[in-house]
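In what follows, residues are counted from 1 in the order of the sequence shown.
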Amino acid sequence: MPVRVVGLTRVIAIASGGATAYALREDGTVWAWGDNDEGQLGNGTTASSPLPVRIIGLSGVRAIAGGQEAGYALRRDGTIWAWGANDEGQLGNGTIVSSTVPVAVRNLTGVTAIAASSEGASGYALRGDGTAWAWGLNNTGQLGNGTDDTSLVPVQVNGTTGLVGVTAISADSFSGYALRQDGTVWAWGSNFFGQLGRGLTTPPYSLLPVRVSGIARAEAVAGGGFSGYTLVNTWDR
């Protein structure tokens with residue numbers, strides 16, 4: 001049965017990653033509870049907590065996301081901050097050193113939305129100019145930049161195949177998803193279970209964004225464990 005999370009009010013957004021949960025309050029502070037073995041509670045310790053604790057040094061936050069063992073926050077100034085595990089560079093700060101407090105994701109400004117892989121170790125960002133960016137693990141092309149090389153800092157998701165004018169971004173375990181302004185949906189990364197939406201499971205992954213088949217007039221996009229989802233407007237057809 002549902003139970004109320006203790007001590008949290010005026011919450012405007014929630015997120016989760018692995019065995020850790022996150023909440024964004026309307027005052028711009030971020031709170032977390034649950035597993036903390038990699039510092040994903042962001043409170044300067046590695047002690048897990050059954051009650052919400054405030055993430056240190058974060059204010060003016062407008063959006064949050066949770067990865068497998070890392071948390072992400074988008075501040076109102078357009079910068080991204082991350083904390084927790086960093087063995088694959090998922091904190092985007094140019095190192096592989098985990099952090100129990102938030103650190104700035106490097107070289108990204110003007111960000112309007114963020115996402116994180118649910119089971120992998122990759123972070124994603126959407127900038128105001130409609131470009132998508134990614135960093136961290138890239139073993140199945142989930143950074144979408146044409147390589148399978150892990151990156152410790154953000155790299156732009158390649159737009160040469162048609163990924164321009166992005167308005168929303170999401171991710172599943174090892175794939176990225178983007179919604180374009182024209183209502184089409186694009187995907188890149190792992191395709192072992194057909195999560196690129198091309199009607200086939202071959203090739204097993206794509207290093208570059210490809211258009212999801214049969215989708216037009218989409219209004220939202222999301223990723224699950226090994227699945228992609230979209231909300232399509234059918235009223236005007």
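Here the side chain of Thr20 pairs a donor or acceptor atom with the backbone of Asp35 at under 3.5 angstrom. Ser117 contributes a side-chain N or O that, together with a main-chain N or O of Ser122, makes up a donor-acceptor pair within less than 3.5 Å. Between the Trp186 side chain and the Arg211 main chain, no donor and acceptor come within less than 3.5 Å of each other. A donor-acceptor distance shorter than 3.5 angstrom exists from the side chain of Thr161 to the backbone of Pro209, with no hydrogens or angles considered. Counting only distance, with no hydrogens or angles, the side chain of Asn138 and the backbone of Ser151 share no donor-acceptor pair below 3.5 Å. For Arg180 (side chain) and Gly162 (main-chain N/O), a donor-acceptor pair under 3.5 Å exists by modelled atom type.
Leu163 places a side-chain heavy atom less than 4.5 Å from the side chain of Trp188.
Ring geometry, Phe226 versus Phe193: the interplanar angle falls from 30° to 60°, so the pair is classed tilted. By the 30° and 60° cut-offs, the orientation of the rings of Tyr22 relative to Trp83 is perpendicular.
Grouping the Ile, Leu, Val, Met, Phe, Trp and Tyr side chains by contacts below 4.5 angstrom, directly or via other members, places Val105 apart from Ile64. Cluster membership for Val11 and Trp33, using ILVMFWY side-chain heavy atoms within less than 4.5 angstrom, is shared. There is no path of hydrophobic side-chain contacts, each under 4.5 Å, that joins Ile56 to Trp81.
Ile96 CD1: 12 or fewer foreign heavy atoms inside a 6.0 Å radius. Residue Leu231 places its CG atom among more than 12 non-hydrogen atoms of other residues, nucleotides or ligands, all under 6.0 Å distant. Other residues, nucleotides and ligands place more than 12 heavy atoms under 6.0 Å from the CD atom of Glu219.
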Determine whether Ser118 and Ser173 satisfy the following criterion, side chain to side chain donor-acceptor pair (under 3.5 Å), listing intermediate values before the conclusion. CA-CA 5 Å; Ser118 57; Ser173 295; 3.3 Å; yes
Evaluate side-chain contact (heavy atoms from CB on, under 4.5 Å) for Tyr124 paired with Gln142, printing each intermediate quantity in order. CA-CA 10 Å; Tyr124 299 86; Gln142 55 265 54; 3.4 Å; yes
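Tyr205 OH to Phe174 CZ: the interatomic distance, rounded to the nearest 0.5 Å, is 13.5 Å.
In the model, Asn86 has a side-chain atom that pairs as donor or acceptor with a side-chain atom of Thr95 under 3.5 Å.
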